[in-house]
Amino acid sequence: MDTRSRLELANDNAAAFWLAQARSRGWEFVRRPGFVAVRCDGGPADTHRVVITRPYADQERTTAEVVAVLHGWSTTALCLEDPYGGLDLARHGCEAALGQAVMTRRPGAVADPGAGRGTGGTGRVTVAEARTPDGLAEAERTVVDGFPMPARMTGERGDMLPPVLLGTAGFRAWTARIDGRPAGACLSYDDGEAVGLYSLATLPECRSRGVGRAMVAAVLEAHPGREATLVSTLLGEPLYRRLGFVEQGVSRWWRYPATPSAMTV
């Protein structure tokens with residue numbers, strides 16, 4: 001019997017999402033009872049990732065365990081997700097970003113996916129899975145431009161999403177189009193228990209046209225019977241709530257180095 005909370009379900013999917021990439025790309029990783037760390041090593045734009053997966057009774061001990069791993073990896077860039085919000089990494093040169101809601105949704109299709117005409121212009125929104133290297137590269141570029149991600153804007157094709165991911169079990173990439181042109185993209189990961197949505201981005205000129213809603217609907221439809229999880233920005237929360245997602249906690253994201261600190265973790 002699965003006794004995990006819905007927050008733990010979401011945490012485990014996020015950890016599995018990064019572990020799947022680590023295995024496919026040959027990255028080093030560490031699994032501990034309360035967290036997962038991945039030594040992303042695809043290039044200068046890659047940031048080491050840590051996902052806290054379970055509540056911690058001793059904040060200092062958990063912090064020390066995480067920092068010890070990062071010291072061993074000579075980490076120079078870090079993103080750490082703490083869905084329990086109790087860790088303090090500021091003294092290690094990290095900087096906390098605004099909290100982001102961890103949200104889950106019970107299985108079921110979106111009643112009205114909004115894949116017709118959007119409200120901000122003409123044109124039909126369609127969503128399809130990226131199944132080829134060219135399709136994956138298109139999804140990659142759309143995500144990079146949609147957020148945007150300055151560190152990757154001049155990166156080479158496949159830097160963020162190499163073709164090897166097409167053969168990674170559970171991993172899928174999706175591209176939304178309006179009149180055949182890319183309008184948005186996202187990633188999903190099915191860990192066998194839940195499907196997580198990641199990097200959901202809409203190009204600036206295509207916003208308010210139902211693109212995000214259509215992508216979420218497509219992912220849910222492709223994974224019937226699965227609970228869905230995601231971490232939402234403040235701007236994205238209203239959409240996800242309308243689609244049936246419920247907040248399970250607020251994740252505190254830490255990044256290293258802090259601005260403008262040049263300390264070593």
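Computed from a prediction, not measured in an experiment: that's the story for all the values here. The analysis underlying the following values was restricted to heavy atoms, covering all of them including side chains, and did not include hydrogens, waters or symmetry mates.
Ion pairing of Glu227 with Arg105 is absent here, as no side-chain N (NZ or NE/NH1/NH2) approaches a carboxylate O to less than 4.0 Å. Salt bridge present: Arg4 and Asp12 bring a charged side-chain N and a carboxylate O closer than 4.0 Å. Ion pair Asp88/Arg252 not flagged as a salt bridge, since none of the NZ, NE, NH1 or NH2 atoms sits closer than 4.0 Å to an Asp/Glu carboxylate oxygen. Ion pair Arg49/Glu81 flagged as a salt bridge, since at least one NZ, NE, NH1 or NH2 atom sits closer than 4.0 Å to an Asp/Glu carboxylate oxygen.
Proximity of the aromatic rings of Tyr189 and Tyr198 is defined here by a centroid distance below 6.0 angstrom, and this criterion is not met.
Judged purely by atom type and a 3.5 angstrom limit, Asn13 uses its side chain to pair as donor or acceptor with the backbone of Ala194. Formation of a donor-acceptor pair under 3.5 Å by the Ser199 side chain with backbone atoms of Val143 is not found in this model. Within the 3.5 Å criterion, the main-chain N or O of Ala185 finds no donor-acceptor partner in the side chain of Thr175. Under the 3.5 Å distance criterion, the side-chain polar atoms of Glu129 are left unmatched by any main-chain donor or acceptor of Ala173. Checking side-chain atoms of Arg39 against main-chain N and O of Trp73 turns up a donor-acceptor pair under 3.5 Å.
Side-chain atoms of Leu98 and Trp253, non-hydrogen and from C-beta on, never get closer than 4.5 Å to each other. For the pair Leu200/Trp174, no side-chain contact is recorded, criterion being any heavy-atom separation below 4.5 Å from C-beta on. No side-chain heavy atom of Glu138 sits less than 4.5 Å from a side-chain heavy atom of Asp134.
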Exercise for the section: Could you give me the CA-CA distance, side-chain angles and deciding distance for Arg23 and Phe29, then say whether side chain to side chain contact (heavy atoms under 4.5 Å, CB included) is met? Expected result: CA-CA 9 Å; Arg23 294 187 179 102; Phe29 61 87; 4.1 Å; yes
Problem - Verdict with supporting geometry, Asp179 and Arg124, salt bridge (Lys or Arg N to Asp or Glu O under 4.0 Å) - result: CA-CA 6 Å; Asp179 293 335; Arg124 182 174 180 79; over 6 Å; no
Practice task
Go through the steps for Val69 and Glu65 under the test side chain to side chain contact (heavy atoms under 4.5 Å, CB included), then give the verdict.
Solution key: CA-CA 7 Å; Val69 171; Glu65 289 179 353; over 6 Å; no
Problem - side chain to side chain contact (heavy atoms under 4.5 Å, CB included) assessment of Phe171 paired with Leu161 - result: CA-CA 11 Å; Phe171 179 93; Leu161 300 177; 4.1 Å; yes
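Counted by atom type alone, Trp254 and Glu95 present zero donor-acceptor pairs between their side chains at under 3.5 Å. In summary, the side chains of Arg207 and Thr202 do not present any donor paired with an acceptor at a separation below 3.5 Å, with no hydrogens or angles considered.
Each of Asn11, Thr229, Thr104 was scored for a side chain to side chain donor-acceptor pair (under 3.5 Å) with Gln248, with one residue passing: Thr104. Evaluated for a side chain to side chain donor-acceptor pair (under 3.5 Å) with Tyr56, the options Thr62, Asp82, Thr63 yield exactly one hit, Asp82.
What you find for Met215 and Ala201 is that their closest heavy atoms are CE-O, 3.6 Å. Of all the heavy atoms in Leu136 and Pro163, the pair that sits closest is CD2-CA, 3.9 Å. Residues Ala183 and Ile178 come closest through the heavy atom pair CB-CG1, 3.8 Å. Between Thr142 and Leu203, the closest heavy-atom pair is O-CD2, 3.8 Å.
Counting non-hydrogen atoms of neighbouring residues, nucleotides and ligands closer than 6.0 angstrom, the CD atom of Glu205 exceeds 12 such neighbours.
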